[in-house]
> 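Structure below; questions to follow.
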Amino acid sequence: MRAQQLPPAISIRGVCKFFGSFQALKDVSLEVYPGERVVVCGPSGSGKSTLIRCINQLEKHESGDIRAAGVALTGGSDSLRRIRAKIGMVFQQFNLFPHLTVMDNLTLGPMRARNMPREQAETLARNYLERVKIPEQAGKYPRQLSGGQQQRVAIARSLCMEPEIMLFDEPTSALDPEMINEVLEVMTELAESRMTMVVVTHEMGFARRVADKMVFMDHGEIVETAPPETFFHHPSSQRCKDFLRQILTH
Amino acid sequence: MKSASQPGKPAFLMLISGLALLLSGCSGQWGWYVVNPTTTSGMNNLQFLLSGLVNTVLLSLTAICLSIVAGLLIALPGLSSHRPLRGVNFCYVELVRAVPILVLILWVYYGLPQIADVSISVFWAGVIALALSDSAFEAEIFRAGIQSINRGQYEAAQSISLNYRDTMRFVILPQAIKRILPALGNQLVYMLKMSSLVSVIGMQELTRKANELVVTEYRPLEIYTILVLEYLALILLVSAGVRWLERRLQTDERH
């Protein structure tokens, strides 16, 4: 049903990444097609976050090729900036700008990076605040919001750049349990709108609902890539079975 | 909201009343007639002393503004990932910090015109020397302030495609400046005090006026006491101003 004949939105080939002498990514390859929703899971320290941080080059990889939104991720900061405009990123710690109101958090990118006039940026921002279901919080500062609300603002901030790809780096890991669902709900709706998404998460229920492809990582390698039905019911590797047993039973 | 840094009011009042008692002439050494505002000559002397105020303030404010800008420009290469740029920052800070302000004032006023073939007024020589000297400290303050901002803020700015300038201007500096405001306030206080050194090249500011009056009236005790009080009043005012600004910036985020 998916147009797999389209060129991949993200193509990662043979990527290695070191932190000092520690190898965080070992010859990782992955392709994500337009409209595809990929969930990356694995034990902590397995390189999942590093992988998606390499996709928008918050981390620089040492070897291998990454292409995103049709552009190779190498070279100067200017081409990098153009690519980043097409890739939204949601962080575990939200990383909202604490000195700016919700509205200003949302309009900063469109106004400065996309040269949008203020009124247009504000209309856009209100539109996305509506989508993450907090239109009434536009005038508040991030610290006046709950964690779940802050993360939804962060999602809206990324969406205001109207990206082709959205990356989520453990978006619910810093949240109190009762706030996880409101964030997952927004993410699910985004997935239903056929946004290309790469999500690092431990929320397996969410993964089951929205993922087209599950990726399991361990020790810097991609151990298993499979559709969710296969992944959850018939994982092929022992490491993946062990991981799933641990994460699904508690 | 009462912060812990607020000085205790009773202690402050005791200090003031003790000072007043001391200055009220209970000891026979004092001769307050020299600045007695009820006599014509006393009033004239008092006005003469106060006439240096404008220059002291102007000198300090101009110098602090320049040194803040210079300090920021010097701090930025210090935060670079490129070694040579950090080297520039390091050399500047180390060199400038090592020269005494008084020496710098003399050098700028008497030395600089000879090599640069320009004539510098006393005021601008003072401003340049003070700003130069202070810029090294401002640079260190800015560097620490900017470094204290969480890496996630840079990453978020990068993720919405902001360039370096916009990231600094809209994301990092507004937060950093809030944090370094107390330190910047300290530097302004420091600057007001150091401006007294510019009197040696003939700048007509508070200290110079006092010196001149001492020569004609020969009452150093009273005149320098007035000078002390002038600086005290000025600096207490500035401190209060900085605290007010700090509170205002903080409430911006809370309401």
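Only heavy atoms go into these numbers, but all of them, side chains included; no hydrogens, no water, no symmetry mates. So you know, we letter chains A, B, ... as the sequences are listed, proteins then strands, and number each from 1. The shown structure was predicted, so the numbers you read here are calculated from the model rather than taken from an experiment.
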> If you count the non-hydrogen atoms of other residues, nucleotides and ligands that lie under 6.0 Å from CZ in B:R97, is the total more than 12?
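Atom CZ in B:R97 is packed in, count exceeds 12.
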> Could you check whether any side-chain N or O of A:H99 sits under 3.5 Å from a backbone N or O of B:I172, counting only pairs where one atom can act as donor and the other as acceptor?
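It does not hold such a pair.
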> Would you say B:E155 and A:R53 make side-chain contact, with heavy atoms under 4.5 Å?
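A side-chain contact exists here, since the closest heavy-atom pair is under 4.5 Å.
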> Short question: side chain of A:R112, backbone of B:D166 - any donor-acceptor pair under 3.5 Å?
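Checking the backbone N and O of B:D166 against the side chain of A:R112, no donor-acceptor pair under 3.5 Å is found.
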> Could you state the interatomic distance from CD1 (B:I160) to OG1 (A:T107), rounded to the nearest 0.5 Å?
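It comes to 9.0 Å.
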> Could you tell me which portion of A:M89 (side chain, backbone, both or neither) has an atom closer than 4.5 angstrom to a non-hydrogen atom of chain B?
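Looking at A:M89, backbone and side chain both touch chain B.
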> Between B:S159 and A:F91, is any pair of side-chain heavy atoms under 4.5 Å apart?
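Touching, per the 4.5 Å side-chain cut-off.
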> Find out whether B:V171 and A:L100 are in side-chain contact, i.e. whether some heavy atom of one side chain is under 4.5 Å from a heavy atom of the other.
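The answer is no, as the side chains (C-beta and beyond) never meet within the 4.5 Å cut-off.
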> Is B:R165 close to chain A through its backbone or its side chain, or both, or neither, when contacts mean heavy atoms under 4.5 Å?
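For B:R165, no heavy atom lies under 4.5 Å from chain A.
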> At a heavy-atom separation under 4.5 Å, does A:L96 approach chain B through its side chain, its backbone, both, or neither?
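It is the backbone, since no side chain atom gets that close.
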> Mark yes or no for whether B:S161, through its side chain, and A:R81, through its backbone, hold a donor-acceptor pair below 3.5 Å.
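Checking the backbone N and O of A:R81 against the side chain of B:S161, a donor-acceptor pair under 3.5 Å is found.
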> Given that the side chain runs from C-beta out, which part of A:I87 has a heavy atom under 4.5 Å from chain B: side chain, backbone, both or neither?
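Contact with chain B is through the backbone of A:I87 alone.
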> Could you tell me whether a side-chain N or O of A:N95 sits under 3.5 Å from a main-chain N or O of B:G152, the two making a donor and an acceptor?
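Confirmed, A:N95 side chain pairs with B:G152 backbone.
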> Between atom CD of A:Q93 and atom CG of B:N150, what is the distance when rounded to the nearest 0.5 Å?
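Here the interatomic distance stands at 8.0 Å.
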> Does atom NZ of B:K193 have more than 12 heavy-atom neighbours from other groups under 6.0 Å away?
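Check fails, neighbour count at 12 or below.
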> Identify which of A:N56, A:D104, A:L108 forms the greatest number of heavy-atom pairs closer than 4.5 Å to chain B.
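The candidate making the most pairs under 4.5 Å is A:L108.
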> Sort A:E59 into side chain, backbone, both or neither according to what part of it lies under 4.5 angstrom from a heavy atom of chain B.
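When you check distances to chain B, only side chain atoms of A:E59 fall under 4.5 Å.
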> So for atom CD, which belongs to A:E119, do other residues, nucleotides or ligands contribute more than 12 heavy atoms lying within a distance under 6.0 Å?
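12 or below, so no.
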